[in-house]
2 protein chains.
Amino acid sequence: MASSELLNVHPALFDRARLAIMAHLSLAKGAVDFNTLIAELELTRGNLSTHMKKLEHDGLVRIKKAFIGRKTRTTYICTSKGKKAIQIYLSAVETVLRSSL
Amino acid sequence: MASSELLNVHPALFDRARLAIMAHLSLAKGAVDFNTLIAELELTRGNLSTHMKKLEHDGLVRIKKAFIGRKTRTTYICTSKGKKAIQIYLSAVETVLRSSL
DNA sequence: ACATAATGTTTGTAATACAAACCGGTTTGC
DNA sequence: GCAAACCGGTTTGTATTACAAACATTATGT
């Protein structure tokens with residue numbers, strides 16, 4: 001059954017905001033910071049914060065905190081596990097839906 | 001911003017079970033019945049029932065009830081709105097993720 | 001020195017996915 | 001012919017979770 005391929009998809013990706021976050025991070029070469037994500041994805045700070053905590057917990061993202069001058073700066077990068085999850089997501093969706101066009 | 005394309009996607013599709021249901025219905029020519037969906041997608045009855053209620057409420061699916069012999073039989077078909085939602089979903093996901101491979 | 005802003009995090013709440021319990025009706029066993 | 005098991009779904013209760021408001025901390029402007 002083709003639709004069972006969806007079972008291989010990491011559950012964290014079945015959320016509009018988190019999918020957008022992961023897409024953004026997997027595109028960007030290098031790290032992306034908190035405020036950039038806020039601005040581009042139109043999320044509130046609280047919302048982004050909790051999403052990133054979950055994504056880190058699941059190992060899809062790595063959080064880096066650093067001082068820029070004396071202010072803190074939080075950036076995120078997509079782990080290889082995260083990239084793989086995105087690929088699985090895309091291929092699963094395509095095999096399940098492509099033939100229905 | 002490419003990722004904003006995800007905002008056009010119908011929110012009901014951001015759920016693994018409902019996406020699988022819609023994929024199945026949009027593939028099948030004609031109606032699919034309750035028990036077939038249960039069997040192929042491995043959902044509980046309660047779970048499927050509530051998902052279908054939501055999908056009908058959102059206009060992505062139409063529910064038909066009929067008697068087969070003296071038993072009732074519930075079948076579902078994907079509306080044109082549902083098919084369009086699937087197409088939007090697929091193209092949004094592809095434009096957002098394709099370049100990240 | 002005091003107000004305002006910037007950067008995140010924690011907390012409270014509303015929405016929701018899920019399965020258990022339920023319900024109306026039918027078939028089976030005895 | 002009556003009870004028990006079954007079928008086809010629906011409603012209800014619960015546990016999870018997405019979200020924004022409130023909070024905490026530090027920096028900046030005046």
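By convention in this document, chain letters (A, B, ...) are assigned in the order of the sequence lines, proteins followed by strands, and residues within each chain are numbered from 1. What you see is a predicted model; the values in this text were computed from it and never measured. Only heavy atoms go into these numbers, but all of them, side chains included; no hydrogens, no water, no symmetry mates.
Rounded to whole angstrom, the span from the CZ atom of B:Arg73 across to the P atom of C:dT26 amounts to 15 Å. Following rounding to the nearest Å, A:Met52 (CE) and C:dG8 (P) show an atom-to-atom distance of 11 Å. Distance A:Phe67 CZ to D:dT25 C1': 11 Å, rounded to the nearest Å. The CZ atom of B:Phe14 sits 16 Å away from the C1' atom of D:dT17 (whole-angstrom rounding). Whole-Å rounding puts the B:Tyr76 OH to D:dT10 C1' distance at 10 Å. In this entry the distance linking CG of B:Leu37 with C1' of D:dG8 reads 14 Å, nearest Å. Nucleotide D:dG9 holds its C1' atom 9 Å from the CD1 atom of B:Ile38, rounded to whole Å. As rounded to whole Å, 20 Å separates atom P of C:dT7 from atom NZ of A:Lys53.
In this structure, the side chains of B:Arg73 and B:Asp33 come closer than 4.5 Å at one or more pairs of heavy atoms. At a threshold of 4.5 Å between non-hydrogen side-chain atoms, the residues B:Leu48 and B:Leu41 do not count as touching.
Side-chain N/O atoms of A:Thr74 include none lying less than 4.0 angstrom from OP1 or OP2 on C:dT7. OP1 or OP2 of C:dT7 sits under 4.0 Å from a side-chain N or O of A:Asn35. Between C:dG8 and A:Thr72, a contact under 4.0 Å exists linking OP1 or OP2 to a side-chain N or O. Look at A:Asn47 and you won't find any side-chain N or O under 4.0 angstrom from OP1 or OP2 of D:dA18.
Side-chain atoms of A:Asp15 lie closest to D:dA18 of the nucleotides D:dA18, D:dG9, C:dA19. Closest approach to the A:Arg45 side chain among C:dA19, D:dT10, C:dG8 is made by C:dG8 (side chain taken as heavy atoms from C-beta onward). When distances run from any side-chain atom of B:Lys71 to the nucleotides C:dT26, C:dT10, C:dT9, the shortest one goes to C:dT26.
Nearest-nucleotide mapping onto DNA chain C: of B:His51 and A:Ser49, the residue sitting toward the 5' end is A:Ser49. In this structure, A:Arg18 and A:Gly46 both approach DNA chain D, and ranking their closest nucleotides by distance from the 5' end singles out A:Arg18.
A:Thr44 comes within 4.0 angstrom of a base, heavy atoms only.
In terms of modelled atom types and a separation under 3.5 Å, the side chain of A:Thr79 and the main chain of A:Gly59 share a donor-acceptor contact. The closest donor-acceptor contact from the side chain of A:Arg16 to the backbone of B:Leu6 lies under 3.5 Å. Judged by distance alone, with hydrogens and angles left aside, the side-chain atoms of B:Ser49 form no donor-acceptor pair with the main-chain N or O of B:Arg45 at under 3.5 Å.
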